[in-house]
Amino acid sequence: MNGFGGFVVRRAAGAVVTLFALSVIIYVVFYVTPGDVAQITCGPRCSPAQVRQVAEQLHLDDPLYARYWQFLQGLVVGQDYSTGTSVQHCAAPCLGLSYRTDQQVLALILAKLPVTASLAVGSMVLWLIIGVGTGVLSVWRRGRLTERLLTTVTLAGMSTPVFVIGLVLMIVVCGQLELLPFPQYVPFTDDPEQWAWNLLLPWLSLALVESATYARITRAAMLETLAEDHVRTFRAYGVGERAVIGRHALRGALAPLIAVNANNIGVLFGGAVLTETLFGLPGIGREMVEAVKVVDLPVVVGMVLVTGFFVVLANAVADVLYAVADRRVVLT
């Protein structure tokens, strides 16, 4: 298949193959490791009967290929789990049952996803506005004091961990100035205003860190575009500097911004662990930390797989947007 349609189909097929390879790697890392997987999964206080039940649910007595086939079958068509007194069907894509709550892992992730999605989308909007705006302003005022100040601030932002910025913002904004409440997640459907008001501080914490990267990428890409021959031609024909920077130079920065943003938003959808833990937001990242603490293996595996899914999906979409933004891209 040729053309843009064929390019999209090939990227979609590549994403499916990548997800399949990812599932193999995740299964091997978590389920084919030294030690008693059943004992680790069930926990140190489980009786021998409970450990045997976990081993049966995980098919640990089956050959390796059969065990992976059961794992893959659960993702594609679902799987039945014995709860001792009854059989529970886990519909596809089945990521297993949590041994801490006996809840289906997918249902647990979907319950936490709105929190992480709210954090990811709001942060992305802010870091794009702040980062791209800072980069454009730095190019507009290049060679002046404004550019040097913005460069210094950008470097400081890239060097500061998100938990440091978050703690400082909470102490100053919430504690001393009392301008914002301490973050507490409110569903968007319950009260949109309180939803945004309570998430503003986590959004700012992530955005201030990430926007530094976007500012540097925007500045570097725009300066590279401004040095090209066609931009000098525009200037020779009398095109104003504002039009050159805003219409032509900024367009040259779109491709690298799309690539970086796809990876960042994919990881964030998988769980912003530090931010959610710092601000006490009940999202995927915080749930993963709790699962790791109690060695709830099905939850950890499911969340790692979901994180990988979002990263692969975001990068596949970025490839398509990259081709739309820059027609010079070879559609292969």
Side-chain angles (χ1 to χ4, degrees), residues 108-109 111-135 149-188 190-218 257 260-293 299-300 303-304 306-307 310-311 314:
L108 183 65
I109 292 174
K112 306 295 183 180
L113 187 58
V115 181
T116 301
S118 298
L119 178 63
V121 174
S123 302
M124 181 188 68
V125 172
L126 283 181
W127 77 47
L128 285 175
I129 293 174
I130 298 173
V132 176
T134 301
L149 289 175
L150 291 176
T151 301
T152 302
V153 172
T154 299
L155 289 173
M158 294 181 66
S159 306
T160 307
V162 64
F163 63 86
V164 173
I165 293 180
L167 283 173
V168 171
L169 287 177
M170 276 200 297
I171 293 172
V172 175
V173 178
C174 299
Q176 297 181 353
L177 301 180
E178 298 183 354
L179 296 177
L180 290 173
F182 285 95
Q184 182 178 2
Y185 181 73
V186 176
F188 179 82
D190 292 352
D191 191 334
E193 183 179 352
Q194 288 300 316
W195 167 82
W197 196 244
N198 279 273
L199 285 176
L200 184 57
L201 210 59
W203 287 345
L204 283 173
S205 300
L206 271 174
L208 290 176
V209 173
E210 295 294 338
S211 61
T213 301
Y214 286 82
R216 289 184 64 84
I217 292 174
T218 301
L257 286 174
V260 174
N261 194 59
N263 185 67
N264 285 348
I265 199 66
V267 172
L268 271 177
F269 264 109
V273 177
L274 286 176
T275 307
E276 290 179 0
T277 303
L278 176 63
F279 291 102
L281 299 175
I284 292 177
R286 187 181 177 191
E287 185 64 28
M288 184 181 291
V289 171
E290 296 299 323
V292 170
K293 286 180 179 178
V299 176
V300 176
M303 290 191 170
V304 171
V306 168
T307 300
F310 279 120
V311 172

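Here, residue 1 is the first one in the sequence, and each next residue gets the next number.
- Side-chain contact between Leu119 and Glu276: present, with at least one pair of heavy atoms (C-beta onward) separated by less than 4.5 Å.
- For the pair Arg286/Val273, no side-chain contact is recorded, criterion being any heavy-atom separation below 4.5 Å from C-beta on.
- Annotation: side chain of Pro114 is not in contact with side chain of Phe188 (no heavy-atom distance under 4.5 Å).
- The aromatic rings of Tyr214 and Trp127 lie parallel to each other, with less than 30° between the two planes, well short of the 60° mark.
- For the pair Leu206 and Leu268, the minimum side-chain heavy-atom distance is below 4.5 Å.
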Next item on the list: Apply side-chain contact (heavy atoms from CB on, under 4.5 Å) to Phe310 and Thr116, showing your working.
Entry: CA-CA 12 Å; Phe310 279 120; Thr116 301; over 6 Å; no
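- With respect to Thr218, the side chain to side chain contact (heavy atoms under 4.5 Å, CB included) criterion is satisfied by exactly one of Leu128, Thr134, Thr213, Val132: Val132.
- Within the 4.5 Å cutoff, no side-chain heavy atoms of Thr160 are placed close to those of Val209.
- Within the 3.5 Å criterion, the main-chain N or O of Gln184 finds a donor-acceptor partner in the side chain of Asn198.
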Checklist line | Asn264 and Met124: CA distance, side-chain angles, deciding distance, side-chain contact (heavy atoms from CB on, under 4.5 Å) verdict | finding: CA-CA 9 Å; Asn264 285 348; Met124 181 188 68; over 6 Å; no
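- How far CG of Leu126 is from CG of Leu208: 8.5 Å, rounded to the nearest 0.5 Å.
- Although no hydrogens or angles enter the test, the distance criterion places no donor-acceptor pair under 3.5 Å between the side chain of Ser205 and the main chain of Val162.
- For the atom pair CZ of Phe163 and CG of Leu274, the computed distance is 7.0 Å after rounding to the nearest 0.5 Å.
- For the 3.5 Å distance criterion, the side chains of Glu210 and Ser123 fail to qualify, holding no donor opposite an acceptor.
- Applying the salt bridge (Lys or Arg N to Asp or Glu O under 4.0 Å) criterion to Glu287, with sequence neighbours excluded, gives Arg100, Lys112.
- The OG1 atom of Thr275 lies 10.0 Å from the CD1 atom of Ile165; values are rounded to the nearest 0.5 Å.
- One distance of note links CG of Leu180 with CG of Leu204; it measures 8.0 Å at 0.5 Å rounding.
- Using a 4.5 Å cut-off on side-chain heavy atoms (C-beta onward), Glu193 and Val186 make no contact.
- Minimum interatomic distance between Leu179 and Trp197 (heavy atoms only, all atoms of both residues): O-CZ2, 3.6 Å.
- Under the 4.5 Å side-chain criterion, counting only non-hydrogen atoms from C-beta, Phe279 is not in contact with Phe182.
- Of all heavy-atom pairs between Leu278 and Gly166, the closest is CD2-CA, 3.7 Å.
- Side chain of Trp203 to main chain of Ser118: a donor-acceptor pair is present (N/O by atom type, distance under 3.5 Å, no hydrogens or angles).
- Side-chain contact between Val299 and Met288 is absent, with no heavy atoms from C-beta onward closer than 4.5 Å.
- We find the SG-CG distance between Cys174 and Leu169 to be 8.0 Å, quoted to the nearest 0.5 Å.
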